[in-house]
Structures are given as structure tokens and as C-alpha cells.
Asker: 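Below you'll find the structure I mean.
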Amino acid sequence: MSRENTTISFVKYQGAGNDFICIDDRDLSFVPFETQTQIEDLCRRALGIGADGLILLRNDDQHQLRMVYYNSDGAPSSFCGNGSRCFIHFAHRLGLLNLGEELTFIANDGVHTGKLQSTDLVQVSMLVSAELKHL
């Protein structure tokens, strides 16, 4: 099957001014298209769908879900706070998470938890790295 004849289902999300292409990839059907050029083309505003990033929702052996995030240039990234909020809402939309239920998911930077408090309020844990400098 050629790429030109393939349909990829997606949902477009917006979180705090950033927009994302979200794909349910639990069946790994996006893998043949998971190249930097292809992702950049999808995120390109003038010719593609247009987005600040692409998020793949995948299964994970050790956590409830895996969030795979790509920047708009197609490069993989460790994590995106606004994107993770959309990811949690997307999981709820797919019936993988109930309102008020905590979700544990992994991203490239580690394990996070989140919860859809209401249909428009999402809570996410963020890993914070701080470097202390002596004056």
C-alpha cells in the first residue's frame, strides 16, 4: 500500500495556545510514517494539517499508556506540558480514562501522572530539573 492511498485518523487539539495532531496508535499503524520528514509535512501549516507538534498515543508494557511527542520540525522531543494535557483528554475521548481517574503514562523523559478533573480541566505531573549554582 502506498502512502498516498493510506488514511490516517487524527484529532486536532489545542492546549493553552499550542495545537497538536493526536493519533491513536495503539495498533502501531503509524510506524511506517514515523519519519522526521513525514511528521514535519503533517505539521506544516501551509501544506499539511498544521500543528505545533504531533502526539502518538500508544500502549506500554509497564504503564497505562505511552505518549510519543514530536516537535513541528519532525524531531522527537522528551515531553510537552501542553501536549500532555491534550494527550490525557484524548485518552478520555477514546474511553481509556474516566473523569476523575488518574492516568499513569510514560514519555521520553520519564513517568507522569495526570487526571481529567472536568471536561475542560486537566491536571498533569511534570518532572522538574533544577540546577543549583553557588555564587
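Please read these numbers as outputs of a predicted model, since none were measured by experiment.
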Asker: Can you find a heavy atom in the side chain of Ile21 that is under 4.5 Å from one in the side chain of Ile55?
Answerer: no

Asker: What distance do Cys86 atom SG and Gln14 atom CD have between them, rounded to the nearest 0.5 Å?
Answerer: 7.0 Å

Asker: Would you call Tyr69 and Asp109 a side-chain contact if the rule is heavy atoms closer than 4.5 Å?
Answerer: no

Asker: Please name the pair of heavy atoms, one in Ala107 and one in Ser78, separated by the smallest distance, quoted to 0.1 Å.
Answerer: CB-O, 3.7 Å

Asker: Between Phe33 and Asp25, does a side chain to side chain contact (heavy atoms under 4.5 Å, CB included) hold up when you go through it step by step?
Answerer: CA-CA 11 Å; Phe33 308 98; Asp25 197 38; over 6 Å; no

Asker: On a heavy-atom basis, which atom in Val111 and which in His63 lie closest, and how many Å separate them?
Answerer: CG2-NE2, 3.2 Å

Asker: If we only count heavy atoms from C-beta on, is the Ile106 to Met67 side-chain gap below 4.5 Å?
Answerer: no

Asker: Between atom CD of Glu101 and atom CG of Leu99, what is the distance when rounded to the nearest 0.5 Å?
Answerer: 10.0 Å

Asker: For a quick test of reading the model, state the closest non-hydrogen atom pair linking Tyr13 to Cys22 and the distance between them.
Answerer: CD1-SG, 3.7 Å

Asker: Going by heavy atoms in the side chains, are Asn82 and Asp52 under 4.5 Å from each other?
Answerer: no

Asker: According to salt bridge (charged side-chain N to carboxylate O under 4.0 Å, His left out), who are the partners of Asp19, at least two apart in sequence or on a separate chain?
Answerer: Lys12, Arg45

Asker: Are Leu28 and Leu56 in one and the same hydrophobic cluster, where Ile, Leu, Val, Met, Phe, Trp and Tyr link if side-chain heavy atoms are under 4.5 Å apart?
Answerer: no

Asker: For the residue pair Ile88 and Gly114, what are the closest heavy atoms and their distance?
Answerer: CD1-CA, 3.4 Å

Asker: Compare all side-chain heavy atoms of Leu103 with those of Lys115 and state whether any distance is below 4.5 angstrom.
Answerer: no

Asker: Would you say the ring centroid of Phe105 lies under 6.0 angstrom from that of Phe87?
Answerer: yes

Asker: About how many Å separate CG of Asn71 and OG of Ser77, when rounded to the nearest 0.5 Å?
Answerer: 4.5 Å

Asker: Taking Asp60 for its side chain and Arg66 for its backbone only, find out whether a donor-acceptor pair lies under 3.5 Å.
Answerer: no

Asker: For the side chain to side chain contact (heavy atoms under 4.5 Å, CB included) test, which of Leu47, Leu54, Thr37 pairs with Leu42?
Answerer: Leu54

Asker: State the CZ-CZ distance between Phe90 and Phe20, to the nearest 0.5 angstrom.
Answerer: 13.5 Å

Asker: So, do Thr113 and Gln64 sit near enough that their side-chain heavy atoms are less than 4.5 Å apart?
Answerer: no

Asker: What distance do Asp41 atom CG and Gln36 atom CD have between them, rounded to the nearest 0.5 Å?
Answerer: 10.5 Å

Asker: Would you compute the distance between atom CZ of Arg85 and atom SG of Cys80 and round it to the nearest 0.5 angstrom?
Answerer: 10.0 Å

Asker: With a 4.5 Å limit on heavy-atom distance, are the side chains of Ile8 and Ile23 in contact?
Answerer: yes

Asker: Partners of Arg26 by salt bridge (charged side-chain N to carboxylate O under 4.0 Å, His left out), sequence neighbours excluded?
Answerer: Asp24

Asker: Quick check: closest heavy atoms across Ala51 and Ser72, and the distance to 0.1 Å?
Answerer: O-CB, 3.4 Å

Asker: Where do Asp73 and Glu40 come nearest, in terms of heavy atoms and distance?
Answerer: O-CB, 3.6 Å

Asker: Taking side chain as C-beta onward, heavy atoms only, is Leu116 less than 4.5 Å from His89?
Answerer: yes

